[in-house]
2 protein chains.
Amino acid sequence: MPGQRSITEAEKLASAKLGGIPIRREQMAAVANVHRAASAVRQHLENSVLRGSDLTWTAFVVLWVVWVWGESETRHVAEEAGISKGTLTGVARTLESRGLLGRAGHPGDGRLVLLSLTDKGEELMQRVFPAFNEEEAFVTSGLSDDECRTLADLLRRVVLQVEDHGEERRRELLDGAEPAPRRSGRRAKA
Amino acid sequence: MPGQRSITEAEKLASAKLGGIPIRREQMAAVANVHRAASAVRQHLENSVLRGSDLTWTAFVVLWVVWVWGESETRHVAEEAGISKGTLTGVARTLESRGLLGRAGHPGDGRLVLLSLTDKGEELMQRVFPAFNEEEAFVTSGLSDDECRTLADLLRRVVLQVEDHGEERRRELLDGAEPAPRRSGRRAKA
DNA sequence: CGACTTTCGTTCGGTCTCAAATTGTACGGA
DNA sequence: TCCGTACAATTTGAGACCGAACGAAAGTCG
């Protein structure tokens, strides 16, 4: 249950650990709180509206994307939902088996797969989304409309920074070195 | 790559879908951006500083918590790291097998397990944390120190709202009904 | 001091997660 | 038409993730 106090406290401890190396405190606190807030909100939504419809966060997001954007190619859905396409394959399979999502080949391009909501999926969203939005309002009820706008704007700028300059930054950090493989994940056959 | 435009666009589409039911737009945009930002930041950090040391986000957070707070009981670490205690058991096992984390029984209370960093773990954090904080600064470099403070504050208020009133809210929503079990998860033996 | 209750950490089932390897389709040029 | 390149989704391997069930230890109270 770490609020402001913990973070401030943690800063001091981390500072002491480093013996004088300066810490970017404001930035550290901002980033830490982004994750705290994200997981608190996610937790609340999963355990309130989503639980009753037996949906995980990710499953809901995927359905939501297809709902608002209509029949879509999987890579767009993955991008929009913020998950990898590998993950989407699995999630879509699950949702398909539950009769919420349909899957169809693209008429012109055989490589593409199109996702769309079934009638059952459509009904589900019609029912669940309003409740979901209601809880979004609940979690932000400590903020005014204006503050919500400010919050959204500040976060948007963080997202843009990473999207616009992240890749370049990562290249610079590696500086020529090949980007170390992940520990988990597939290995070369050889 | 959905920035402001996508969200605004999505609002209209969702709005149309609902045929007149009002949407809390600011709240929806704020919540959506919290998650967008969280995953963008996490992605960037995993693929820059953490990757090189073969750490996942969660593994790093766990190490960080033990690092700043010192030898700690597992439930505190889980709480502070924002993961369930079940997850922590697994993560701690992994980190222990890599020689970064130590595990010891509590002398007075046989139920407790204490986690602490090994020397190797200590060295790792000494090296990795400054780089991590550097990237926290990078992702927020579009914001001034003041804006970071504002951002942290707004997010903190969201977290507090959920922590202080979330449980009660969820009870109200269920209104007596037993809280539907998760689809995945252990079942009663019977 | 024995029976209840609480509180630990661990185990377990099912899902999600990533990125690399793989498979399949498309399309340009030789 | 065959060939290589480009790009799509899927499979795969290792692990993170949650929360209910669980067993052990500790506390409580008669």
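We name chains A, B, ... by the order of the sequence lines, and we start the count at 1 in each one.
Evaluation of the side-chain hydrogen bond (donor to acceptor under 3.5 Å, both in side chains) test over residues 105-118 of chain B, restricted to residues two or more places apart or in two chains, returns B:Asp109-B:Arg111.
Taking CD from A:Glu123 and CG from A:Leu100, the interatomic distance works out to 10.5 Å, rounded to the nearest 0.5 Å. Note that CD of B:Glu172 and OG of A:Ser48 are 12.0 Å apart. Values are rounded to the nearest 0.5 Å.
Following rounding to the nearest Å, A:Asp54 (CG) and C:dG14 (P) show an atom-to-atom distance of 13 Å. To the nearest angstrom, P of D:dC18 lies 17 Å from NE2 of A:His44. In this structure, B:Leu55 atom CG and C:dC18 atom C1' are separated by 15 Å, rounded to whole Å. Rounded to a whole Å, the CZ atom of B:Arg42 is 11 Å from the C1' atom of C:dC16. Between the CG atom of A:Leu95 and the C1' atom of C:dG14 there is a distance of 14 Å, given to the nearest Å. The CD atom of B:Glu46 sits 11 Å away from the P atom of D:dA16 (whole-angstrom rounding).
Across C:dC18, D:dC17, C:dC16, the shortest atom-to-atom separation from the side chain of A:Ile83 is found for C:dC18. Among the nucleotides C:dC18, C:dA20, D:dC18, the one closest to any side-chain atom of B:Arg51 is C:dA20.
Here A:Thr58 does not reach the OP1 or OP2 of C:dT15: none of its side-chain N or O atoms lies under 4.0 Å away.
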Step by step, work out the salt bridge (Lys or Arg N to Asp or Glu O under 4.0 Å) result for A:Asp145 and A:Arg149.
CA-CA 6 Å; A:Asp145 281 14; A:Arg149 270 188 286 268; 5.2 Å; no
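Side chains of B:Ser53 and B:Leu124 form a contact here, defined as non-hydrogen atoms less than 4.5 Å apart.
B:Trp64 and B:Phe132 have their aromatic ring centers separated by at least 6.0 angstrom.
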Base-contact (B) and sugar-phosphate-only (S) positions in nucleotides 6-15 of chain D, heavy-atom cut-off under 4.0 Å, - elsewhere
-BSBBBBBBS
